Each structure stands twice: as structure tokens, then as C-alpha cells.
Number of protein chains: 2
Amino acid sequence: MTTRKSWQIIHDELRGRIIDGIWQPGDLIPAEEQLAVEFQCARATVNRSLRALADSGLLDRRRRVGSRVATEPSRYATLKIDIIRLEVEQRGAKYRHVLTERAQVLAPERVQYRMNLNDGTELLYICNLHMADERPIIYEERWLNPVVLPGIFDVNFSAISVNEWLVRNVMFTRGDISFCAANLTEREAQLFAAEVGDAAFVIERMTWQGEQCITSVRLLHEPGFSMRAELI
Amino acid sequence: MTTRKSWQIIHDELRGRIIDGIWQPGDLIPAEEQLAVEFQCARATVNRSLRALADSGLLDRRRRVGSRVATEPSRYATLKIDIIRLEVEQRGAKYRHVLTERAQVLAPERVQYRMNLNDGTELLYICNLHMADERPIIYEERWLNPVVLPGIFDVNFSAISVNEWLVRNVMFTRGDISFCAANLTEREAQLFAAEVGDAAFVIERMTWQGEQCITSVRLLHEPGFSMRAELI
DNA sequence: ATTATAATTATGTATAGACATATGAAATGG
DNA sequence: CCATTTCATATGTCTATACATAATTATAAT
């Protein structure tokens with residue numbers, strides 16, 4: 001009885017009961033008050049445990065009704081999106097990026113639509129090749145909205161990567177991300193020293209500040225790349 | 001002053017200060033005690049707000065030190081992995097799946113290794129084609145470990161999809177998921193009525209019960225498929 | 001029978017106070 | 001000067017109590 005991080009202990013114990021099938025999906029589990037008696041602790045402590053279990057999708061909780069084991073535990077995968085440089089350096093490789101393109105242009109209609117730009121705002125268009133130990137691993141194609149990024153045209157993106165600059169300089173209020181696959185075009189294949197048509201993993205990301213889109217980016221990964229995450 | 005879900009309100013207020021740049025990345029924010037004074041509430045309430053901010057990656061908290069705005073806010077994407085049937089039906093389409101293969105076999109060495117099977121356990125190998133309104137959308141290739149799935153050989157997987165059966169019948173203790181892209185083989189292209197070599201989005205998932213792998217699955221999505229998620 | 005109202009109840013949240021724990025900084029000793 | 005110990009402090013957690021809120025159930029009114 002040295003330390004008693006009760007809420008964690010209770011959490012693990014209850015989780016065990018669910019995993020071991022002592023409490024089956026759909027079952028109503030005892031009320032907080034009863035569990036508090038069982039575990040000799042305050043209801044608040046049980047509450048915290050149950051809240052954690054509900055957060056991880058194992059319980060469905062409703063006032064006046066109680067907590068029941070989720071019948072269809074929708075499973076969540078949480079992906080940590082790192083700055084590419086950090087990811088590379090964590091693998092012990094040397095990071096470098098090359099600015100391959102930079103222009104002040106009107107975005108293609110498709111991009112304008114997605115970024116919710118109805119006026120004819122000229123965006124900063126930037127392409128970067130990210131490399132680990134001189135091997136190209138990601139080709140980044142990005143549109144930046146100068147309206148929400150004052151001074152963006154003056155930044156030297158050879159010294160710092162766009163993503164890193166953004167992460168350090170602007171906070172976004174929301175964002176979305178999507179994953180898909182694409183066949184490499186001739187030009188892209190050259191960048192990766194791969195074959196035309198090779199399947200590449202693509203991440204498209206948009207970040208917003210209120211109603212205004214800050215940036216839209218397409219990350220084309222080298223063929224063979226695979227992104228891992230834990231299921232919770 | 002009707003309702004005062006204080007911790008949420010405080011959470012949002014503090015989040016605003018970070019997003020608006022009032023507190024910059026790296027800044028030490030006031031201690032819980034001080035914030036409690038400012039917001040006229042108990043320290044526990046502030047604590048809950050700060051904990052939520054830390055959970056979402058906006059704050060780094062350390063005892064004796066305080067809470068500072070994360071300098072390199074690694075961003076998290078939470079993906080909800082739905083049962084395919086539900087996903088299809090939610091889009092208003094008719095779901096159907098076809099069992100294309102079923103065998104009791106030794107898994108390929110690569111799969112055995114990943115599933116941590118050192119003995120010569122024969123697995124249940126099952127392939128399924130998932131369809132929305134009769135259009136094939138996902139080709140599922142799966143290995144199931146009968147050791148942790150007693151009775152698995154008796155289940156009729158034409159009636160219920162494997163994933164759905166698993167979700168309803170076994171709890172896993174941990175799992176991992178990875179995303180990549182693959183070129184369609186000739187056989188796969190036929191299934192999707194697509195071209196050989198078309199890039200397809202692939203999800204590979206493994207779930208574990210303790211040290212034993214329950215199942216390993218590869219979900220090959222139709223070319224053009226894109227998976228969306230919110231950034232938090 | 002149907003609808004409106006009140007009572008009941010499990011969870012949700014807030015609070016003050018206490019102790020636990022990690023850790024930076026200061027004091028101490030070699 | 002460096003290593004060790006002590007101390008101070010912000011966060012982490014627990015408790016008992018109280019009230020809020022949602023949702024079911026019982027009751028009353030139409």
C-alpha cells in the first residue's frame with residue numbers, strides 16, 4: 001500500500017474485466033457509487049477511471065442510465081504527425097530539404113475550391129524535396145495563403161522547412177488530413193529514382209484559422225513507405 | 001451565469017490565448033493556483049482544463065516547473081476505424097461482402113514472423129470482397145489465429161463479416177495499424193475492374209491479446225479511395 | 001389513453017483541503 | 001569545484017460534499 005494511483009489502478013482493473021469478458025459488450029456495469037464502495041475510494045476517483053474508459057471507447061456512459069460496455073467498440077488510431085526533420089533525425093539519419101519550386105500564383109481551381117478562396121488571391125506555391133541521408137523520401141507540394149500569413153513572401157524557406165516555420169509561427173484552429181495512394185508521374189518518378197506508375201502513399205492536409213485556409217499541402221512519399229500507428 | 005461548465009470554458013479561453021499568440025510557444029503560463037484566482041474557481045477545475053490542453057498536445061506540463069506552451073506541437077490525427085458495413089450504410093449504399101477464399105493453411109513466413117508464431121500453427125486464411133451498391137471497394141485478406149479464437153473454423157463468414165465477428169466476440173489488448181500504397185496485381189485489378197499497376201491505398205492491421213496475435217489483415221482499397229480524418 | 005408534471009437517479013461537474021511526487025534550486029560537505 | 005542533501009514548489013491525485021443535468025419512471029391532469 002505504498003502508492004495508490006487509484007484511478008489508474010481501478011481503470012486497469014475494470015479494463016481487465018471487460019477484456020476478460022467478465023463484463024460483456026452491452027452489459028451495464030455497477031454504478032460509480034457501488035464501485036466506490038468496492039474499491040474503497042471516493043466516487044470522484046471511480047468517475048475518473050470510468051471517464052478514461054469511455055474516452056478510449058470501451059464504455060458508453062449516459063446520465064441516469066449508467067455505464068455499459070460498448071457493443072460496437074469503434075476503434076481509434078491516433079497518429080502523431082511529426083515534423084519531417086525530427087522524424088528523420090530520430091531515425092538517426094541526416095535531414096536535408098531542397099526547395100525545388102517557389103512562385104506567387106493563382107491556385108488551380110480545384111485547390112481554390114478546397115481552400116475556400118472565392119476571390120482571386122494569389123498564393124505562395126512551394127515545392128520541397130525532403131531527404132534522409134541524401135535519399136529523397138517525401139516530395140511536398142504546398143499552397144500558402146498570404147492573407148493569413150503576412151510576411152510569408154519574405155521568408156527564406158531554404159533555411160527552414162515550410163512546415164516547421166508554420167508550426168512555429170501560426171496556430172491553426174482546425175485541420176483535416178486525408179490519406180490515399182497515387183501512381184508516380186514521370187517527373188515524380190525521377191525525383192525518387194523510381195519507376196513511372198509506382199504506387200506512392202500520399203497525405204493531403206489542410207489547416208484552417210477560423211474560416212480561412214492557411215495552407216494546403218500534398219506529401220508524396222517514396223514508394224514503399226509505410227506509416228505506422230498504435231490502435232487504441 | 002446560468003450554467004458554468006467551468007473547466008470547458010477555461011479550457012477554451014486558454015486555448016484561445018495560445019492560438020491568438022498571447023502565450024507563445026515555449027512560454028511558461030501562470031500556475032494553476034494563479035489561474036484559479038483569475039477564473040474564480042478551484043485549482044482542481046483549472047487542473048482539469050490544463051490536463052485537457054496537455055492531452056491535445058498544446059501544453060507541456062511538468063511538476064515543480066509548470067505548464068508551458070508546446071514548442072513543437074506534434075499534431076495528432078485521430079482516425080475512427082469503422083466496421084466497413086456501417087461505413088457503407090452510413091453513406092446510404094447497400095453493403096454486401098463476398099467470401100472469395102477460405103483455407104486452413106500455414107501462413108507465409110513473412111506473416112508468421114509478424115504474427116509472432118514460432119510454431120507451425122495452421123491459421124484460418126480468409127479473403128473477402130466488400131462491396132457498396134455492388135461496386136467492389138475493399139479487398140480484405142486475413143489470417144486468423146485459432147489458438148486465441150476457439151470455434152473460429154465453425155463460423156459462417158458469409159453471413160457476418162470477419163471484422164464484425166471479431167469486434168463482437170473478442171477484445172484485443174493492443175493493436176497496430178499501418179498505411180501504405182501498393183500497385184494492383186493482375187488479379188486484384190480484375191476484382192476492382194481497374195488497370196494492373198493502379199495505385200491502391202492499403203491498411204495493414206494486427207491485433208493482439210497479450211503476446212498472441214489474434215489476426216493480421218490487409219485491406220486493399222479501390223483505386224482512388226481516400227480516407228479522411230480530423231486533425232487535433 | 002394521452003399528455004403534462006413531478007420525483008428519482010446515475011452521471012457530470014465544482015470545491016476546499018490534504019497529501020504525494022517530481023524536480024529545480026539552494027545549502028551543505030568533501 | 002563538484003557531489004550530495006535538503007528544501008521549496010507546481011503539478012498529480014484523493015476525499016467528502018454539494019449541486020447540476022439528463023433521462024427514466026411514477027403521478028396527475030386533460
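Just so we're clear, the structure is a prediction, and the values are computed from it rather than from any experiment. Numbers restart at 1 for each chain; the letters A, B, ... are given by sequence-line order, proteins then strands.
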### Task
Looking at every strand, decide which applies to Arg43(B) at a 4.0 Å heavy-atom threshold: base, sugar-phosphate, or nothing.
base

### Query
Separation of Trp7(A) atom CH2 from dT11(D) atom P, in whole Å?
18 Å

#### Entry: Whether over 12 other heavy atoms sit under 6.0 Å from Glu89(B) CD
yes

### Rounded interatomic separation in angstrom, taking CG from Leu50(B) and C1' from dG12(D)
12 Å

### Task
Nearest whole angstrom, please: distance from the C1' of dA10(C) to the CG of Leu59(A).
14 Å

### Task
Flag yes if more than 12 heavy atoms outside Gln8(A) fall under 6.0 Å of its CD atom; otherwise flag no.
yes

#### Entry: Residue-phosphate contact under 4.0 Å: Thr45(B) side-chain N/O, dT13(C) OP1/OP2
no

### Query
Under 4.0 angstrom, heavy atoms only, what part of the nucleic acid is Ala31(A) near: base, sugar-phosphate, or nothing?
sugar-phosphate

#### Entry: Nearest-Å distance for atom pair CG/P, residues Asn47(B) and dT15(D)
16 Å

### Query
Without hydrogens or angle criteria, can the side chains of Ser161(A) and Arg85(A) be said to hold a donor-acceptor pair below 3.5 Å?
no

### Task
Identify, between Arg62(A) and Ile29(B), the residue whose nearest nucleotide on DNA chain D lies closer to the 5' end.
Ile29(B)

### Task
Return the 5'-most residue of the pair Val65(A), Ala44(A) with respect to DNA chain C, ranking by each residue's nearest nucleotide.
Val65(A)

#### Entry: Salt-bridge present (Arg61(B), Glu32(B); N to O < 4.0 Å)
yes

### Query
Taking OP1 and OP2 of dT13(D), is either one under 4.0 Å from a side-chain nitrogen or oxygen of Arg48(A)?
yes

#### Entry: Whole-Å gap separating C1' (dT13(D)) and CZ (Phe39(A))
17 Å

### Query
Could you state the CZ-C1' distance from Arg61(A) to dT11(C), rounded to the nearest angstrom?
6 Å

### Task
Check whether any side-chain nitrogen or oxygen of Ser6(B) sits under 4.0 Å from OP1 or OP2 of dT13(C), and answer yes or no.
no

#### Entry: Interatomic distance where CD1 belongs to Ile10(A) and C1' belongs to dG12(D) [whole Å]
15 Å

### Message
Which label fits Trp165(A) and Phe157(A): parallel for a plane angle under 30°, tilted from 30 to 60°, or perpendicular past 60°?
### Response
perpendicular

### Task
Whole angstrom is fine here: how far is it from CZ in Arg64(B) over to C1' in dT9(D)?
5 Å

